[in-house]
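Shown next, in structure tokens, is the structure this report addresses.
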Amino acid sequence: MTIKVTFIDPKGAPVPCEGEVGDNLLKLGQAAGLPLEGTCEGQMACSTCHVIVAAEWFEKLAQASEEEEDMLDFAAGARRTSRLSCQIDVTQEMDGLTVKVPGESHDARGL
């Protein structure tokens with residue numbers, strides 16, 4: 001099943017994406033060319049894939065682990081609804097999810 005997710009890029013423009021159940025948001029965002037570096041490749045050893053989940057969606061997601069919360073302490077521009085995109089696996093219930101890539105995001109991959 002294809003799930004639709006909208007990323008809001010650092011300049012405020014919507015970037016619609018589609019993914020499959022089981023994909024994670026980091027993979028979807030990178031495929032769309034967004035500045036989500038993901039230096040640690042999803043190992044929760046950095047915060048370079050930080051996104052801000054739309055408030056209406058935040059409580060619908062599984063809670064962040066303590067390890068994820070610790071990494072978010074290092075995320076530039078972290079907010080109350082911040083999450084690491086590598087830790088959010090797409091489910092059917094997420095169809096229509098909106099997340100914002102913070103303006104402070106920097107992608108050293110040179111994209």
Side-chain angles (χ1 to χ4, degrees):
M1 175 178 197
T2 301
I3 306 300
K4 295 181 182 185
V5 175
T6 300
F7 285 86
I8 307 300
D9 76 11
K11 294 180 181 177
V15 179
C17 298
E18 291 186 354
E20 299 295 323
V21 170
D23 287 343
N24 67 40
L25 292 185
L26 174 59
K27 177 182 174 181
L28 295 182
Q30 286 179 332
L34 292 161
L36 294 171
E37 189 172 329
T39 301
C40 72
E41 298 180 358
Q43 300 301 309
M44 239 186 326
C46 72
S47 61
T48 61
C49 69
H50 163 233
V51 294
I52 301 167
V53 177
E56 65 270 18
W57 282 96
F58 186 73
E59 297 301 325
K60 296 177 184 179
L61 301 179
Q63 280 192 317
S65 67
E66 188 174 329
E67 293 84 5
E68 182 180 354
E69 292 286 351
D70 288 345
M71 289 313 314
L72 285 166
D73 288 342
F74 300 105
R79 313 267 193 303
R80 184 186 69 78
T81 61
S82 289
R83 293 291 304 271
L84 298 179
S85 61
C86 70
Q87 298 302 303
I88 301 174
D89 292 328
V90 175
T91 66
Q92 284 182 303
E93 296 76 27
M94 289 182 195
D95 193 41
L97 173 69
T98 300
V99 296
K100 180 175 183 357
V101 178
E104 298 87 352
S105 290
H106 172 72
D107 190 346
R109 294 178 304 149
L111 298 176

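Every heavy atom of this structure was used, including side-chain atoms; hydrogens, water molecules and symmetry mates were not.
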What is the minimum heavy-atom distance between Glu20 and Met1, and which atoms define it? OE1-O, 3.1 Å

Ion pair Glu93/Lys60, N-O distance below 4.0 Å: no

So, taking the atom named CZ in Phe58 and the one named CD in Gln63, what distance separates them when rounded to the nearest 0.5 Å? 8.0 Å

Counting distance only, does the side-chain N/O of Thr6 pair as donor-acceptor with the main-chain N or O of Pro14 below 3.5 Å? no

Taking Glu37's backbone N and O only, do any of them form a donor-acceptor pair with Thr48's side chain (distance below 3.5 Å, no angle check)? no

For Gln92, is there any backbone N or O sitting under 3.5 Å from a side-chain donor or acceptor partner on Asp95? no

Would you call Leu61 and Met94 a side-chain contact if the rule is heavy atoms closer than 4.5 Å? yes

Do Pro10 and Pro35 come within less than 4.5 Å of each other through their side chains, counting heavy atoms only? yes

On a heavy-atom basis, the closest approach of Ala64 and Glu69 is CB-OE2, 3.5 Å

Just how far is it from atom CD of Glu68 to atom OG of Ser82, taken to the nearest 0.5 Å? 9.5 Å

Other residues, nucleotides, ligands: >12 heavy atoms within 6.0 Å of Lys27 NZ: no

Are Asp9 and Val101 side-chain neighbours, meaning at least one heavy-atom pair lies under 4.5 Å? no

For the OG atom of Ser85 and the CG atom of Leu34, what is their distance to the nearest 0.5 Å? 9.5 Å

Mind listing the closest non-hydrogen atom pair of Ala45 and Cys40 along with its distance? N-SG, 3.3 Å

Report yes or no: do Phe74 and Ile52 belong to one cluster of Ile/Leu/Val/Met/Phe/Trp/Tyr joined by side chain heavy-atom distances under 4.5 Å? no

Specify the closest pair of heavy atoms between Cys49 and Cys86, including all atoms of both residues, with the distance to one decimal. SG-N, 3.4 Å

Only residue of Leu25, Leu84, Val51, Leu28 satisfying side chain to side chain contact (heavy atoms under 4.5 Å, CB included) with Leu36 is Val51

Considering all heavy atoms, the nearest Ala78-Leu72 contact: CB-O, 3.8 Å

Using a 3.5 Å distance criterion without hydrogens, assess whether the side chain of Ser47 forms a donor-acceptor pair with backbone atoms of His50. no

Would you say the side chain of Thr98 lies within less than 4.5 Å of the side chain of Ile8, judging by non-hydrogen atoms? yes

Quick check on the hydrophobic clustering: are Val53 and Leu26 connected, directly or via other members, by side-chain heavy-atom contacts under 4.5 Å? yes

Below 4.5 Å, heavy atoms only, C-beta onward: do Glu18 and Ile3 meet side chain to side chain? no

For Glu67 versus Met44, what's the shortest heavy-atom pair and its separation? C-SD, 3.8 Å

Does any N or O in the side chain of Asn24 come within less than 3.5 Å of the main-chain N or O of Ile88, such that one atom is a donor and the other an acceptor? no

